[in-house]
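The figures that follow rest on heavy atoms only: side chains count, while hydrogens, waters and symmetry mates do not.
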Amino acid sequence: MSSPILAAALAAGLAMVIAPAARAQAPGPAQGQAQGQAQAPGPTLAAVKGRDLLICGTSTGAAGFSLPDSRGEYRGIDNDLCRAVAGATLGDPTKIRWVPLTTTARLTALQSGQIDVLIRTVTWTQGRDTANGLNFTAVSFFDGQGFLLRASLGLKSASELVGASICVVAGSTNELNLSDWARTNNIRYNPVVFEQNDEARRSYLAGRCDAYSTDASQLAGLRASFPNPAEHVILPEIISKEPHAPVVRHGDDQWFDIIRWTFFALLTAEELGITQANVDSFLGSQNPEIRRLLGLSGDHGPLMGLDRRWAYWAIKAAGITAKSLSATSAWAARSSCRGAERPLEPRRADVRAADPVSCR
């Protein structure tokens with residue numbers, strides 16, 4: 001799917017964020033009250049409210065998406081979306097228990113009820129969506145798999161990786177994509193498989209493998225974190241489509257709606273120029289769309305069992321789209337290095353392709 005088509009599909013979804021529910025009902029009553037269409041909390045929302053805590057599955061480490069900072073605070077677009085959900089459901093982005101999960105453990109943790117939602121560089125596939133009792137809510141980042149290797153090898157194309165040892169993470173789409181790509185192109189390689197991204201990163205740096213293959217945005221983030229980034233290059237080939245999406249369990253449509261529409265609300269906020277820093281200045285707006293988004297009119301929150309100002313609290317918790325994606329988009333733009341001849345666009349309806357960035 002081309003990025004314009006995906007952008008159009010997402011834009012169509014965003015156009016529905018505010019309008020349809022507003023047409024389906026009369027203006028709402030006093031703040032926090034709902035009309036007859038209000039929903040009682042479903043099983044997941046009831047559990048979150050009962051413990052007054054959102055349990056969010058996250059990565060063990062993916063630069064730009066989920067990574068603890070020097071104070072141990074998780075930072076990245078996946079973490080910001082978790083904070084937005086906590087804001088929408090509990091009115092407080094700090095009421096989160098982070099559960100770092102490996103690639104092989106992440107889906108099982110969600111299926112078993114260990115976590116409420118999985119927001120963690122998970123690729124949306126048909127098999128995962130239909131066979132595992134899971135629902136993918138909305139594409140939050142559109143990535144693709146690439147190859148990172150040492151510049152000293154002098155390779156310019158992935159087709160030259162014949163006989164190479166390639167680090168990859170077990171249980172990921174990357175492992176399967178690599179195998180399919182090699183078989184299709186009749187390229188023999190030696191897979192070096194690890195449980196976690198960090199193990200693969202350390203092994204690559206230690207010279208245990210010639211190349212490392214994972215999502216290109218993560219490769220760009222890893223390269224930027226290396227002591228001498230110029231000693232490493234990312235090859236131009238992108239061998240897969242990797243649409244990342246937050247994941248919930250089958251059987252709780254209300255919770256599915258909450259995760260999906262929290263994300264859409266953040267995108268709509270950016271379209272309207274509303275950010276975490278300035279959201280309060282819009283509370284006096286007479287723009288009907290802004291008033292509906294911020295819960296000043298209509299009963300969109302109660303339709304999902306939430307407060308009328310659910311989107312306000314989500315934006316207040318984490319205005320993710322522009323601010324958080326700026327660094328990730330820059331890493332993605334570098335992901336076609338050598339040079340910046342083919343910048344990988346972060347294929348998101350709300351974010352334009354990053355300006356070309358030199359990899360030198």
Would you name the heavy atoms of [X] and [Y] that are closest together and state the gap between them?
| X | Y | result |
| --- | --- | --- |
| Trp181 | Ser159 | CZ2-N, 4.4 Å |
| Gln254 | Ala40 | NE2-O, 2.9 Å |
| Ala216 | Asp143 | N-OD1, 3.5 Å |
| Leu293 | Ala311 | O-CB, 3.0 Å |
| Leu53 | Leu90 | N-CD1, 3.6 Å |
| Ala62 | Leu67 | N-CD1, 4.0 Å |

So, [X] versus [Y]: side-chain donor-acceptor pair below 3.5 Å or not?
| X | Y | value |
| --- | --- | --- |
| Ser240 | Glu242 | yes |
| Thr58 | Asn79 | yes |
| Asn197 | Tyr212 | yes |
| Thr275 | Asn278 | yes |
| Thr121 | Ser59 | no |

Does any part of the side chain of [Y], heavy atoms only, come nearer than 4.5 Å to the side chain of [X], both counted from C-beta?
| X | Y | result |
| --- | --- | --- |
| Asp257 | Arg260 | no |
| Ile258 | Thr44 | no |
| Asp129 | Gln126 | no |
| Tyr189 | Asp210 | no |
| Ser140 | Ile77 | no |
| Phe141 | Ser217 | yes |
| Val247 | Asn135 | no |
| Leu296 | Tyr312 | no |

(request) Please identify each residue that fulfils salt bridge (charged side-chain N to carboxylate O under 4.0 Å, His left out) with Arg150, with sequence neighbours left out. (result) none
(message) I'd like to know whether Arg249 forms a side chain to side chain contact (heavy atoms under 4.5 Å, CB included) with Trp255, so could you lay out the CA-CA distance, the side-chain angles of the two residues, the decisive distance to 0.1 Å, and finally the verdict.
(response) CA-CA 9 Å; Arg249 288 179 290 276; Trp255 189 243; 6.0 Å; no
Say whether [X] and [Y] are linked into one hydrophobic cluster, either directly or through other cluster members, by side-chain heavy-atom distances under 4.5 angstrom.
| X | Y | answer |
| --- | --- | --- |
| Phe147 | Leu176 | no |
| Leu149 | Ile187 | yes |
| Leu153 | Val192 | no |
| Phe226 | Phe194 | no |

Is the backbone of [Y] close enough, under 3.5 Å, to the side chain of [X] for a donor and an acceptor to pair up by distance?
| X | Y | value |
| --- | --- | --- |
| Asn287 | Ile290 | yes |
| Arg120 | Leu101 | yes |
| Arg223 | His232 | yes |
| Arg308 | Pro302 | no |
| Asp92 | Thr94 | yes |
| Ser225 | Leu222 | yes |
| Gln276 | Ala317 | yes |
| Glu73 | Asp69 | no |

(message) Consider side chain to side chain contact (heavy atoms under 4.5 Å, CB included). Of Thr103, Val193, Thr104, Thr214, which one does Val169 pass it with?
(response) Thr103
(message) Exactly one of Val85, Leu118, Thr89, Asp116 should register a side chain to side chain contact (heavy atoms under 4.5 Å, CB included) with Ile259. Which one does?
(response) Val85
Between [atom1] on residue [X] and [atom2] on residue [Y], distance to nearest 0.5 Å:
| X | Y | atom1 | atom2 | answer |
| --- | --- | --- | --- | --- |
| Leu81 | Ile119 | CG | CD1 | 4.0 Å |
| Leu266 | Trp261 | CG | CH2 | 13.0 Å |
| Phe136 | His244 | CZ | NE2 | 10.5 Å |
| Arg106 | Ser172 | CZ | OG | 7.0 Å |
| Ser213 | Ile239 | OG | CD1 | 4.5 Å |
| His250 | Leu110 | NE2 | CG | 10.5 Å |

(message) Exactly one of Asn177, Asp215, Thr123 should register a side chain to side chain donor-acceptor pair (under 3.5 Å) with Gln145. Which one does?
(response) Asn177
(request) List the steps, then state whether side chain to side chain contact (heavy atoms under 4.5 Å, CB included) holds for Gln111 with Thr108. (result) CA-CA 5 Å; Gln111 292 166 325; Thr108 302; 4.1 Å; yes
(request) Could you tell me whether Asp52 atom CG has more than 12 heavy atoms of other residues or ligands within 6.0 Å of it? (result) yes
(request) Return yes when atom CZ of Arg208 has more than 12 non-hydrogen atoms of other residues, nucleotides or ligands closer than 6.0 Å, and no otherwise. (result) no
(message) Run the side chain to side chain contact (heavy atoms under 4.5 Å, CB included) test on Leu45 and Gln39 for me, step by step, so that the C-alpha distance in whole Å, both residues' side-chain angles and the decisive distance to 0.1 Å come before the verdict.
(response) CA-CA 11 Å; Leu45 179 59; Gln39 293 187 18; over 6 Å; no
(request) Please test Ser157 against Glu237 for side chain to side chain donor-acceptor pair (under 3.5 Å), starting from the C-alpha separation and ending with a verdict. (result) CA-CA 7 Å; Ser157 170; Glu237 288 89 347; 2.5 Å; yes
